[in-house]
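To start, the structure under review is shown below, and the notes come after it.
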2 protein chains.
Amino acid sequence: MHEPNPFQQFMEAVVPGSPSRALTARLRGLGRTLSIEKGRIAKLDRDCDQIVYVFEGATKLVAQASGGREQVVAFHFAGDLVSVPARALHSYALTGLMNTQVLAFPAASLVGAAVDAPLLLTEVLERSMAALHRCRDKAVGLGRKSARERVASFLTAMCERIGTRHRDRLRLDLPMSRRDIGDSLGLTIETISRQFGELRASGLIETTGRSTVDILDPVALAGCAGHFSDTVD
Amino acid sequence: MHEPNPFQQFMEAVVPGSPSRALTARLRGLGRTLSIEKGRIAKLDRDCDQIVYVFEGATKLVAQASGGREQVVAFHFAGDLVSVPARALHSYALTGLMNTQVLAFPAASLVGAAVDAPLLLTEVLERSMAALHRCRDKAVGLGRKSARERVASFLTAMCERIGTRHRDRLRLDLPMSRRDIGDSLGLTIETISRQFGELRASGLIETTGRSTVDILDPVALAGCAGHFSDTVD
DNA sequence: TGAAGTCATTGACCTGGGTCAATGAAACCA
DNA sequence: TGGTTTCATTGACCCAGGTCAATGACTTCA
């Protein structure tokens, strides 16, 4: 048994069934493995849309508006597939939250190569629809929610993605800074900090160091998130 | 030559090439045509995700958060394909902005039927990625832009989708109300109204009645949108 | 292990856009 | 064609969250 290989793992994770030798070879030729250091921008091909598989680590996809304002559009962890547009209204960059390994494909070629591999196409389609639905949920948060609701919503979502059990409490080890969280929620670091403070004061969470958050009352926290089933008023 | 038929038009628009008889029959069996009256919610199957083709008219996809707050997640016009999730963090509804005809498919069945039709899959994938990229651009606006920038951005985007030439000026006939615009931009109707007023005062636009907007200076308007190429500061 | 640098917290103050309320203009309808 | 309803505009006021500034707590690396 040897080192896990990014390409092999990509094939297992996103190409279900047993792909043909030809497809495997074709995809292997298309994918470029990249490592992204913590805080650095991935040197992706900026000429065409890219589809990036996160093999190990964590990334953020950041949009740049005028005036140096940044919006984190999504966070990604190992196993995730990210679509990075070459040209849109804003300029997008994929940045490492820690040292990260990814596999990058030109979107058009990947889709082209998958003409005979409906399962690959289907998998990519499924994942991009899931991303669309998450992005819409994020838009609701950005457009219509208070700082408290956004932070509660963020913590709840993070629990589901990277939460761990630690001596029978729910623990979160956040790989992103307060600034990243702020840039993701459309808030400032000061507001994030104040919200963390208030959640701490209410006994919903407990924090240790800069990145560890223990969720003491996940149900109450989710109740603060302002989602629809929270039929309040 | 007879009445254009929603299903035929759907096939021409989203299934490139010449689809097999079998596929055509299969898809015909899956699609349900619906008409959505102005202001009414489409009676879609809420049990599974739906993919909806807008044949004629215009719609909005609205998310409902707690406390009666609404966020318009996207507007759609004839020829657009919309993905409507059955279950997400918020509750989504597709609503007619005018009397509208659509063709609705259960997403899973549509994808299942397309296993042998890579061109259909590719088309759906391409459109949903485009929707994802638009949704991200919207998230940037909601998270990081001023009211002025959001309104300018909205008008500029609408010009590209439904703008018409009218006696050598760029005209917009908005099918949505001020409330819809506000719910789309994360602002109130009052703020929308004030922004329209200021743009009018600056000579960038002119309005007639409730729905007609003439864009007098598209370039200056786009310059207000705060996109990245607007390298300011 | 201590000094430097980064990141987080806290406080004081300010402002963009929300809220509430009144008026006015379109669209609709009998 | 006038009366009703709905929608848009405008003004006065307020507050959540931004901004600015100072302090404090992790990390890092020598």
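The figures that follow rest on heavy atoms only: side chains count, while hydrogens, waters and symmetry mates do not. In the text below, chain A, chain B and the rest are named by the order of the sequence lines, each starting its count at 1.
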Exercise. Which part of the nucleic acid, if any, lies within reach of A:S193 when heavy atoms closer than 4.0 Å are counted: base, sugar-phosphate only, or nothing?
Worked result: base
A:E198 CD to C:dT10 C1', in whole Å, measures 12 Å
ask   = So, is A:T188 close to the D:dG18 phosphate, meaning a side-chain N or O under 4.0 Å from OP1 or OP2?
value = yes
Contact class for B:R210 vs. all strands (heavy atom < 4.0 Å): base, sugar-phosphate, or nothing?
-> base
Under 6.0 Å from the six-membered ring centre of B:F75 and within 45° of its axis: does the NZ or CZ of B:R161 meet both? no
Worksheet item: Can a donor-acceptor pair under 3.5 Å be found between the side-chain atoms of B:R194 and the base atoms of C:dG16?
Response: no
All heavy atoms of B:T207 vs all of B:R200, minimum pair found to be OG1-NE, 3.1 Å
To the nearest angstrom, the CZ-P distance between A:R69 and D:dT19 comes to 10 Å
When rounded to whole Å, the CZ to P distance for the pair A:R148 and D:dG17 reads 10 Å
Hey, does the side chain of B:R150 reach the backbone of B:L142 with a donor-acceptor pair shorter than 3.5 angstrom? yes
Check: Is a side-chain donor or acceptor of B:K60 paired with a backbone partner of B:L97 at a separation under 3.5 angstrom?
Finding: no
Between CZ of B:R179 and C1' of D:dT9 the distance, given in whole Å, is 14 Å
Q. Quick one: does A:R178 reach the base of C:dT10 with a side-chain donor-acceptor pair under 3.5 Å?
A. no
Would one find more than 12 heavy atoms of other residues, nucleotides or ligands at under 6.0 Å from atom NZ of A:K38? no
Rounded to whole Å, the CZ-C1' distance (B:R144 to C:dG16) equals 15 Å
Here the distance between atom P of D:dC7 and atom CD of B:E190, to the nearest Å, is 14 Å
Between A:G209 and B:T207, the residue closer to the 5' end of DNA chain D by nearest nucleotide is B:T207
From CD of A:Q195 across to P of D:dG17 the rounded distance in Å is 7 Å
Any base atoms under 4.0 Å from B:G186, or only sugar-phosphate, or nothing? Heavy atoms, all strands.
sugar-phosphate
Q. Within the structure shown, what part of the strands sits under 4.0 Å from A:R200 by heavy-atom distance: base, sugar-phosphate, or nothing?
A. sugar-phosphate
Checking B:E70, B:K138, B:Q71 against B:S184 for side-chain hydrogen bond (donor to acceptor under 3.5 Å, both in side chains), the one that qualifies is B:K138
Side-chain (A:R134) to main-chain (A:A74) donor-acceptor, under 3.5 angstrom
no
| task | Would you please classify the geometry between the B:F10 ring and the B:F7 ring as parallel, tilted or perpendicular, with 30° and 60° separating the classes? | result | tilted
As a check of understanding: the bend across the helix from C:dT1-D:dA30 to C:dA30-D:dT1, end axes from five pairs, rounded to 10 degrees, works out to 50°
Quiz item: Is any side-chain nitrogen or oxygen of A:S177 closer than 4.0 Å to OP1 or OP2 of C:dC7?
Solution: no
When rounded to whole Å, the CG to C1' distance for the pair A:L199 and C:dA8 reads 16 Å
request  = Give one of base, sugar-phosphate or nothing for A:I192, where a contact means two heavy atoms less than 4.0 Å apart.
outcome  = nothing
message: Using a heavy-atom cut-off of 4.0 Å across all strands, would you classify A:I189 as base, sugar-phosphate, or nothing?
response: nothing
